[in-house]
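If you're wondering where the values come from, they're calculated on a predicted model, not measured in any experiment.
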Amino acid sequence: RIVYIAGSYSADPEAGTLDALRVAEVLLKTSPEDAPIIPVIPHTMIPPLQALMGTDRLPEDSILAMCLELVRWSHGLIRIPGTYSRGSDLEVGQALLAELPVWEWSTELEDHLRSGGDLESAPTAFTSDSEEQPQKGKEHEQGKEHDRDPEALPASETKEGPKEWR
């Protein structure tokens with residue numbers, strides 16, 4: 001199974017990439033040999049593409065187009081909590097449109113996988129027919145990742161959710 005890992009990148013590329021790699025490591029170490037999970041880590045494709053194009057920054061729309069296509073080819077998506085980005089909102093929205101399962105990365109999900117549970121038996125954060133938003137991570141609940149004005153919050157942090165889901 002191919003599982004897309006969605007998480008913030010542009011706010012802090014190094015931290016976002018390390019977070020995605022940690023999730024991928026757990027998926028690789030806990031998936032059975034006869035049914036491996038293949039993590040798609042979009043964070044790791046951006047620097048090589050920038051180098052190939054001879055630039056230090058690719059247009060965000062180009063990156064998002066590639067990422068959304070990868071989501072469509074996946075069997076599910078795991079969203080890393082914390083700083084929510086427009087790209088992650090769009091990736092989750094694309095997964096929901098494609099009726100793919102979407103999991104919110106958490107210690108509970110990690111413990112479930114490490115104790116021998118499989119991803120398919122883990123509860124999803126929300127589905128395309130659900131109006132619930134995923135549970136935010138501890139750092140999100142405590143407001144540590146930003147001190148922005150509530151009026152300036154991205155759509156994913158409002159009660160209504162991203163425009164793509166309305």
Considering all heavy atoms, the nearest [X]-[Y] contact:
| X | Y | result |
| --- | --- | --- |
| Ser8 | His43 | O-NE2, 3.4 Å |
| Val40 | Ser74 | CG2-OG, 4.5 Å |
| Pro39 | Leu27 | CB-CD1, 4.2 Å |
| Gly87 | Leu64 | CA-CD2, 3.4 Å |
| Ala95 | Val102 | CB-CG2, 3.8 Å |

request  = List the steps, then state whether side-chain contact (heavy atoms from CB on, under 4.5 Å) holds for Cys67 with Met45.
outcome  = CA-CA 10 Å; Cys67 290; Met45 74 179 197; 3.9 Å; yes

Would you say the side chain of [Y] lies within less than 4.5 Å of the side chain of [X], judging by non-hydrogen atoms?
| X | Y | value |
| --- | --- | --- |
| Arg114 | Val26 | yes |
| Thr44 | Leu21 | yes |
| Thr30 | Leu119 | no |

key: Under 3.5 Å donor-acceptor, His75 side chain and Val3 backbone   = no

message = Quick one: does any side-chain atom of His112 pair with a main-chain N or O of Pro123 as donor and acceptor, under 3.5 Å?
response = no

ask   = What do the steps show when you test Val23 against Ile41 for side-chain contact (heavy atoms from CB on, under 4.5 Å), and what is the final call?
value = CA-CA 9 Å; Val23 171; Ile41 313 162; over 6 Å; no

To the closest 0.5 Å, what do you measure between [atom1] ([X]) and [atom2] ([Y])?
| X | Y | atom1 | atom2 | result |
| --- | --- | --- | --- | --- |
| Ser106 | Ile80 | OG | CD1 | 12.0 Å |
| Leu68 | Tyr4 | CG | OH | 7.0 Å |
| Leu113 | Glu108 | CG | CD | 12.0 Å |
| Ile5 | Leu77 | CD1 | CG | 9.0 Å |
| Leu96 | Glu91 | CG | CD | 12.0 Å |
| Met66 | Ile46 | CE | CD1 | 8.0 Å |

task = Indicate yes or no: does Asp89 engage Arg86 in a salt bridge with an N to O separation below 4.0 Å.
result = no

inquiry  = Any salt bridge linking Glu69 with Arg72? Criterion: basic side-chain nitrogen under 4.0 Å from a carboxylate oxygen.
reply    = yes

Contacts of Asp118 that satisfy side-chain hydrogen bond (donor to acceptor under 3.5 Å, both in side chains) - sequence neighbours left out = Ser121

ask   = So if you build clusters from Ile, Leu, Val, Met, Phe, Trp, Tyr with side-chain heavy-atom gaps below 4.5 Å, do Leu28 and Leu70 land together?
value = no

